[in-house]
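What follows is a short report on a single structure.
Heads up: numbering here begins at 1 and tracks the sequence. Note that the structure is a prediction, hence the values are computed from the model and not measured. The analysis underlying the following values was restricted to heavy atoms, covering all of them including side chains, and did not include hydrogens, waters or symmetry mates.
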Amino acid sequence: MTFQRQIHNTNATQLFNFAILGVLALLYAPILLHWLDGWLNKTISTEHEYFSHGIIGIPFAAYLSWINRKKWQRLPDRNHPLGVALLIMGGIFYLSGVTEWVNLSFPAILTGLCLWLKGIPGFKLQGFPLLLVFLATPTALPYLIAPYTLPLQSFIAGTAGFILSQFGMEVAVDGTNIFVGGRIVEVAPYCAGLKMLFTTLYVCLMLLYWTGALSSRRTTIWFLSTAVVVSVTANIIRNTLLSFFHGTGQQAAFEWLHDSWGGDLYSAIMLLLLVPILNRFDRYFSEHEATLPEEER
């Protein structure tokens with residue numbers, strides 16, 4: 001009888017889990033498909049394009065949750081009151097109809113379910129996938145940051161102008177505007193590289209977690225700091241190329257790098273460079289810690 005009761009409880013739990021997944025799919029499949037279409041075809045708002053890293057981040061989060069399913073099932077059922085609060089808040093956000101709130105309801109409800117079903121241990125187990133989902137959820141953050149990017153815009157414009165002048169080109173820089181051959185290129189707030197920076201840091205977190213290097217504070221700090229430098233440098237080079245193409249009348253090349261798949265290819269190459277950088281840092285700090293006495297590690 002005990003064995004049969006265990007089988008019955010297991011089946012009931014599985015049915016309950018499938019029911020939750022079904023409800024989530026009905027509620028959020030249209031929203032996720034809208035995000036995906038917007039990110040792929042650039043039919044979403046400019047601010048929401050900043051979160052296109054969700055194309056790889058959300059599936060990766062789902063994969064991590066899947067491979068942790070047995071650990072999840074072994075956790076005892078434990079309700080945390082914060083879970084109810086998040087579920088209620090997520091429901092209110094979803095029913096509000098306000099785009100930003102509806103988007104935020106997704107990570108809120110996922111977090112609330114983890115806390116309500118398995119308590120703090122469940123939240124800790126799914127913490128990183130939840131973080132990936134939250135960081136991929138489109139919000140108004142880029143719009144709020146944009147007014148404060150003027151120093152970065154001016155720095156990029158000045159550096160790009162300096163580089164072009166070293167090749168004997170007639171260049172003038174006025175604030176965020178670059179004049180090349182009588183043509184003007186503006187380093188606008190959305191050309192300041194924030195999208196590339198967001199994507200870079202997001203991918204860095206994924207790489208750190210996947211390699212296990214996230215547990216090393218030194219590796220994490222150095223890698224993220226280097227990634228920021230790489231991202232800013234890559235964006236300076238990209239704006240320099242755009243100014244060169246536009247100033248010399250190569251409009252097809254300008255549009256390819258600015259609006260077409262050339263920009264995506266450029267970003268992908270830059271992101272691939274992060275892999276050997278992480279491997280180098282991880283190897284260096286691992287070897288360094290191995291030489292330290294046990295009490296200093």
Side-chain angles (χ1 to χ4, degrees), residues 1-36 39 48 51 53-139 141 202-203 205-212 214-215 220:
M1 291 295 293
T2 303
F3 180 69
Q4 290 179 344
R5 189 179 297 110
Q6 289 177 344
I7 294 177
H8 176 74
N9 291 337
T10 301
N11 291 334
T13 301
Q14 290 178 344
L15 287 174
F16 180 65
N17 291 335
F18 283 130
I20 291 176
L21 291 175
V23 172
L24 288 175
L26 289 173
L27 290 175
Y28 289 103
I31 296 175
L32 293 175
L33 290 174
H34 171 68
W35 292 354
L36 179 62
W39 292 333
H48 287 184
F51 300 89
H53 47 253
I55 293 175
I56 58 174
I58 293 178
F60 185 62
Y63 169 74
L64 293 178
S65 296
W66 173 255
I67 63 177
N68 285 331
R69 66 189 185 281
K70 292 184 178 179
K71 293 181 180 178
W72 173 269
Q73 292 169 357
R74 287 195 293 265
L75 290 175
D77 295 337
R78 186 179 304 171
N79 305 130
H80 194 283
L82 182 58
V84 179
L86 286 173
L87 288 172
I88 294 174
M89 183 181 70
I92 294 174
F93 279 9
Y94 187 90
L95 296 174
S96 69
V98 180
T99 301
E100 304 294 334
W101 289 13
V102 172
N103 291 346
L104 286 172
S105 71
F106 185 49
I109 285 182
L110 290 179
T111 305
L113 283 172
C114 289
L115 287 168
W116 177 246
L117 295 175
K118 299 294 183 178
I120 296 298
F123 173 74
K124 289 181 177 179
L125 178 64
Q126 304 293 355
F128 192 75
L130 289 172
L131 177 64
L132 291 180
V133 171
F134 175 72
L135 294 178
T137 300
T139 64
L141 180 62
Y202 191 86
V203 172
L205 286 176
M206 292 173 59
L207 289 173
L208 286 166
Y209 183 87
W210 184 255
T211 59
L214 193 60
S215 59
T220 299

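The shortest heavy-atom contact between Thr211 and Leu208 is OG1-O, 3.4 Å. In terms of heavy-atom proximity, Tyr202 sits nearest to Val133 at OH-N, 4.5 Å. When all heavy atoms of Gly57 and Met206 are compared, the closest pair comes out as CA-SD, 4.2 Å. A pairwise comparison of heavy atoms in Ala25 and Pro30 identifies O-CD, 4.1 Å as the closest pair.
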Exercise answer: donor-acceptor pairs, residues 80-95 side-chain atoms, under 3.5 Å, sequence neighbours excluded:
residue	atom	partner	partner atom	Å
His80	ND1	Leu82	N	3.1
Tyr94	OH	Leu27	O	2.9

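Annotation: side chain of Phe60 is not in contact with side chain of Pro129 (no heavy-atom distance under 4.5 Å). Residues Pro107 and Leu130 are not in side-chain contact: their nearest non-hydrogen atoms beyond the backbone lie 4.5 Å or more apart. Counting only heavy atoms from C-beta outward, the side chains of Leu117 and Ile20 approach each other to under 4.5 Å. Thr111 is listed as a side-chain neighbour of Leu115, based on a closest heavy-atom distance under 4.5 Å.
Pairs engaging residues 97-122 under the salt bridge (charged side-chain N to carboxylate O under 4.0 Å, His left out) rule: Asp77-Lys118 [sequence neighbours left out]. Residue pairs meeting the ring-ring contact (aromatic ring centres under 6.0 Å, His included) criterion with at least one member in residues 106-137, sequence neighbours excluded: Tyr28-Phe106, Phe128-Tyr209. Sorted by first and then second residue, the pairs that involve residues 121-132 and meet side chain to side chain donor-acceptor pair (under 3.5 Å), not counting sequence neighbours, are Ser65-Gln126.
In this structure Leu207 satisfies the side chain to side chain contact (heavy atoms under 4.5 Å, CB included) test together with Val203, Phe223, Leu274, Val275, Leu278, sequence neighbours excluded. Remark: Leu33 pairs with no residue by the side chain to side chain contact (heavy atoms under 4.5 Å, CB included) rule, at least two apart or across chains. Partners of Arg69 according to the side chain to side chain contact (heavy atoms under 4.5 Å, CB included) rule, which considers only residues two or more places apart in sequence or in another chain, are Trp66. Considering only residues two or more places apart in sequence or on other chains, Thr137 meets the side chain to side chain donor-acceptor pair (under 3.5 Å) condition with none of them.
Interatomic distance, OG1 of Thr99 versus CD1 of Ile31, reported as 9.5 Å (0.5 Å rounding). To the nearest 0.5 Å, atoms CG (Asn68) and CG (Leu75) are separated by 9.5 Å. In this structure, CZ on Arg74 lies 9.5 Å from CG on Leu125, to the nearest 0.5 angstrom. Atom CG of Asn103 and atom CZ of Phe51 lie 9.0 Å apart (nearest 0.5 Å). The distance from the CG atom of Leu36 to the NE2 atom of His34 is 11.0 Å, given to the nearest 0.5 Å. Atom CG of residue Leu104 and atom OG1 of residue Thr139 lie 6.5 Å apart, to the nearest 0.5 angstrom.
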Handout entry: Check against side chain to side chain contact (heavy atoms under 4.5 Å, CB included), Val102 and Val98
Key = CA-CA 6 Å; Val102 172; Val98 180; 5.7 Å; no
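In Trp101, the CH2 atom is not crowded: 12 or fewer heavy atoms of neighbouring residues, nucleotides or ligands sit closer than 6.0 Å.
Judged by distance alone, the side chain of His53 and the main-chain N or O of Leu135 form a donor-acceptor pair under 3.5 Å.
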